[in-house]
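The block underneath contains the structure these notes are about, expressed in structure tokens.
In what follows, every chain begins at residue 1, and chains take the letters A, B, ... in the order their sequences are listed.
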Amino acid sequence: MAYDKFQILKSTAVPLPIENVDTDQIIPARFLKATERVGFGDNLFRDWRYNPDNSPKEQFVLNNPIYKGKILVGGRNFGSGSSREHAAWAVYDYGFRCVVSSFFADIFRGNCLNIGVLPVQVSAGFLDKIFKAVEANPETEIEINLSTQTITILASGEKESFDINDYKKENMLNGYDDIDYLTKMTTEIKAFAKTRPF
Amino acid sequence: MSTTLFDKVWDAHVIRKIKDGPDVFFIDRHLIHEVTSPVAFLGLKSRNNTVLYPERTFATADHNTPTINQHLPVEDPLSVNQLKALEENAAEWGISHWGLGHQKNGIVHVVGPENGITLPGATIVCGDSHTSTHGAFGAIAFGIGTSEVEMVLSSQCIMQPKPQKMRINVNGKLGLGVTPKDVALFIISQLTTSGATGYFVEYAGDVFRNMTMEGRMTVCNLSIEMGARGGIIAPDQKTFDYVKGRLYAPKGADWDKAMTYWETLSTDDDAVFDKEFTFDGSAIEPMITYGTNPGMGTGISNNIPNAEEVEGGIDSYKKSLNYMGFAEGDTMIGKKVDYVFIGSCTNGRIEDFRAFASIVKGRKKAENITAWLVPGSHVVEADIKKEGLLDIFTEAGFALREPGCSACLAMNDDKVPVGKLAVSTSNRNFEGRQGPGSRTILASPLVAAATAVTGVLTDPRTLL
Ligand code: SF4
């Protein structure tokens with residue numbers, strides 16, 4: 001099993017209403033030097049979170065104790081830029097299991113799915129509702145149900161459904177990953193490889 | 001049925017289609033580097049898997065390497081760990097490895113084409129988003145995450161839903177001082193950084209036909225900056241001439257066989273795309289960016305647009321300008337610049353250094369400018385010397401560094417200091433991309449050169 005199963009997640013959320021959050025912000029390049037997958041959460045949003053002298057930037061949301069939880073809610077086009085999976089690792093390692101946005105960059109979305117972080121894409125209107133609800137009351141709980149593919153703001157009952165392909169959904173519900181699938185196909189792959197001209 | 005170039009190459013690599021899921025997609029050639037591969041090898045080991053086809057993977061060290069004194073031991077211990085991990089993993093599994101100092105070493109997307117690893121009709125992946133570069137040869141090439149690097153190592157496949165198809169046509173004659181970089185920055189400014197998300201882009205039209213292979217690589221390289229997974233250009237005689245005779249290109253009868261296949265690689269006349277854009281090449285100016293994503297670009301002689309004029313959120317736009325220290329309505333030409341960087345997989349090839357030389361020749365580097373000239377590979381470095389460009393640079397007060405990614409992502413010591421403004425030929429102007437607190441203007445080698453000799457952001461047309 002590659003990662004924990006993801007079925008129903010009920011949690012408060014951390015709002016980050018900024019658009020085009022790129023993976024260089026999620027984890028700056030100078031923190032990509034590890035040869036093992038440990039400790040990336042410490043540097044999540046490093047330069048938005050800390051001053052150059054490593055003191056916390058008070059106004060940044062991760063430094064505001066009233067916001068916490070396993071759901072990160074970001075603005076449109078979340079995760080653009082570099083393909084670094086480290087960005088998804090940092091999100092996971094910090095403690096998030098789900099990122100909600102109205103639009104995701106492709107590679108970041110794929111990386112999340114590969115490591116057990118669920119990207120939930122909602123309409124711009126619903127995203128706005130979440131931001132407003134969480135800002136009005138940081139204790140607002142959000143429920144993400146992967147089986148039914150729904151996201152609900154529990155206090156108001158407002159709900160929206162989200163897309164995920166059946167294959168990835170099964171994987172996440174069961175904690176499987178693509179490598180489990182591919183390594184069962186070796187014979188087929190080898191036969192195919194013989195037909196390649198280069 | 002009529003199909004596109006992209007369909008032809010994609011469909012030829014699908015081993016299995018999963019209903020309501022991704023395709024099991026075969027990878028012909030896989031490039032790895034020291035930053036995104038160590039964890040993949042750890043994963044491979046922890047699952048007791050092996051590298052299925054070591055001869056299909058190629059390793060080079062580039063992201064983390066110093067660009068001076070490469071003959072000396074690397075100082076940063078963390079970088080040393082990554083370089084060592086790459087070397088050891090390559091040795092353990094029998095993967096070709098061009099480490100620091102090797103004459104074939106260089107940026108992964110520069111050495112791939114140089115050595116015939118990049119071929120028309122091939123599928124190529126690498127744990128770096130600018131893998132899209134290789135699409136210039138009619139390959140399907142895109143960036144992947146580390147989990148996928150592990151997949152390719154252990155199965156030579158990844159699982160990918162097939163992207164949608166977009167075609168971008170640019171026709172007409174490019175104006176003076178307008179380079180492939182400007183064409184790409186122009187397209188991104190029109191589509192925004194998410195305009196092509198979910199799509200694979202084919203570039204068509206005489207502007208791309210007339211480009212050199214280097215120019216096409218620059219264009220395909222930047223596809224990711226509008227959100228596209230990759231870009232592709234149909235191969236033609238220029239492509240075949242470039243590939244022929246290179247180290248890992250097919251030879252003899254294999255070459256003839258490959259050519260027969262490659263000649264079929266174009267989009268059928270009546271093939272349909274999910275989305276299509278057409279632009280007039282003659283209307284494109286030398287481009288620059290003024291914000292903190294590559295979509296925030298405009299012609300060099302324009303002023304910075306007002307927040308109301310741009311798509312997207314006003315707050316994010318203002319935050320971005322605030323970071324840059326610019327204001328709506330500012331004129332960009334004449335802004336005082338501190339650093340000039342020419343290099344990266346976007347503009348670190350020989351043609352880019354020729355362009356840079358064409359302007360600095362007979363002029364002098366401005367006093368206030370720190371310039372980093374970083375070739376994309378040792379081969380590029382050797383060509384710079386062979387063609388006499390180094391003499392021009394030295395004469396003008398510029399020094400040449402050794403190859404690597406350098407200030408493109410500033411993982412090594414080549415960091416633009418806090419608050420300093422850089423004109424860079426690389427691909428990303430994100431906050432802190434070139435060093436914490438650094439501010440970046442993306443531009444062509446010609447704009448970089450014009451700026452390097454005047455000390456302020458300068459329209460290269462005034463110096464050509
Ligand atoms: S030069 Fe920049 S974009 Fe290109 S491979 Fe290196 S880090 Fe990636």
Enter the distance from B/Phe25:CZ to A/Leu182:CG here, rounded to the nearest 0.5 Å. 13.0 Å
Given a strict heavy-atom distance threshold of 4.5 Å, which part of A/Phe103 is in contact with chain B: side chain, backbone, both, or neither? side chain
To the nearest 0.5 Å, how far apart are CD in A/Glu36 and CG in B/Asn81? 9.5 Å
Looking only at side chains, do A/Arg76 and B/Ser194 share a donor and an acceptor under 3.5 Å apart? yes
Using non-hydrogen atoms only, which part of B/His130 is less than 4.5 Å away from chain A: side chain, backbone, both, or neither? neither
Residue part contacting chain B, namely of A/Asp178, when any heavy atom lies under 4.5 Å: both
Chain A contact via B/Leu52 - which portion, at a heavy-atom distance below 4.5 Å: side chain
Any idea which heavy atoms bring A/Ser83 and B/Ser129 closest together, and the distance? OG-N, 3.1 Å
I'd like to know if the side chain of B/Ser147 pairs up with that of A/Glu85 as donor and acceptor (distance under 3.5 Å, no hydrogens or angles considered). yes
For B/Val152, is it the side chain, the backbone, both or neither that has a heavy atom under 4.5 Å from a heavy atom of chain A? neither
Thinking salt bridges, do B/Asp28 and A/Arg196 make one under a 4.0 Å N-O criterion? yes
In terms of side-chain geometry, is the basic nitrogen of A/Lys168 or B/Asp20 positioned less than 4.0 Å from the acidic oxygen of its partner? no
Given that the side chain runs from C-beta out, which part of A/Tyr181 has a heavy atom under 4.5 Å from chain B: side chain, backbone, both or neither? side chain
With rounding to the nearest 0.5 angstrom, report the OG1 to NZ distance, A/Thr35 to B/Lys84. 9.5 Å
Considering only heavy atoms, which portion of A/Asn111 lies under 4.5 Å from any heavy atom of chain B: side chain, backbone, both, or neither? side chain
d(B/Thr146 OG1, A/Arg37 CZ) to nearest 0.5 Å is 9.5 Å
Residue A/Phe192 versus chain B: region with a heavy atom under 4.5 Å: side chain
Select one option (side chain, backbone, both, neither) describing which atoms of A/Lys190 are under 4.5 Å from chain B's heavy atoms. both
So, the part of A/Ala34 with a heavy atom under 4.5 Å from chain B: the answer is backbone
Atom OG of A/Ser80 and atom CZ of B/Phe430: how far apart are they, to the nearest 0.5 Å? 5.0 Å
Side chain, backbone, both or neither: which part of A/Thr186 has a non-hydrogen atom closer than 4.5 Å to chain B? side chain
Rounded distance [0.5 Å steps], CG in A/Asp24 versus CZ in B/Arg433: 4.5 Å
Is any side-chain heavy atom of B/Arg29 closer than 4.5 Å to one of A/Phe198? yes
Under 4.5 Å from a heavy atom of chain A, the part of B/Ala122 involved: both
Toward chain A, the part of B/Ser316 with a non-hydrogen atom under 4.5 Å: side chain
Side-chain donor-acceptor contact under 3.5 Å, A/Asn77 with B/Thr193: yes
Interchain contact, B/Tyr317 with chain A, by part (heavy-atom threshold 4.5 Å): neither
Heavy-atom proximity to chain B below 4.5 Å, by part of A/Glu19: both
